[in-house]
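Take this structure first; my questions come after.
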Amino acid sequence: MASLQPLRIVAIATIRVLPNAGMVVICAGGGGKPVVERAGKRYDDEADLDKDVAAACLASELQADVPLLLTR
């Protein structure tokens with residue numbers, strides 16, 4: 001089964017605010033659920049998300065100077 005290609009980061013506003021509040025933000029990684037929007041409502045989806053594309057999407061939306069992809 002192919003992974004879903006993310007279109008945007010739903011929680012981008014929160015992700016932008018947290019570092020200014022002194023928080024370390026870890027996002028767009030594995031283990032989360034993708035969210036789909038239908039008729040203006042959001043639902044969790046039972047699918048895999050392409051983590052590399054999600055990280056690239058996040059970096060683009062944040063206008064990051066240097067995106068970091070950390071793996072273990």
**Prompt:** Do you know the tightest heavy-atom contact between Val53 and Asp50?
**Reply:**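 Where Val53 meets Asp50 most closely, the heavy atoms are N-OD1, 3.0 Å.
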| Mind checking what makes side chain to side chain contact (heavy atoms under 4.5 Å, CB included) contact with Leu62, not counting sequence neighbours? |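 Expected list: Ile12, Ile15, Arg16, Leu58.
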Practice prompt. Considering non-hydrogen atoms only, spot the tightest contact between Pro67 and Ala59 and give its length.
Written response: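 Nearest heavy atoms, Pro67 then Ala59: CB-CB, 3.6 Å.
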Quick check on the hydrophobic clustering: are Ile9 and Met23 connected, directly or via other members, by side-chain heavy-atom contacts under 4.5 Å?
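Result: yes, single cluster for both.
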More than 12 heavy atoms from other groups under 6.0 Å of CG on Leu7 =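 At most 12 heavy atoms, drawn from other residues, nucleotides or ligands, come within 6.0 Å of this atom.
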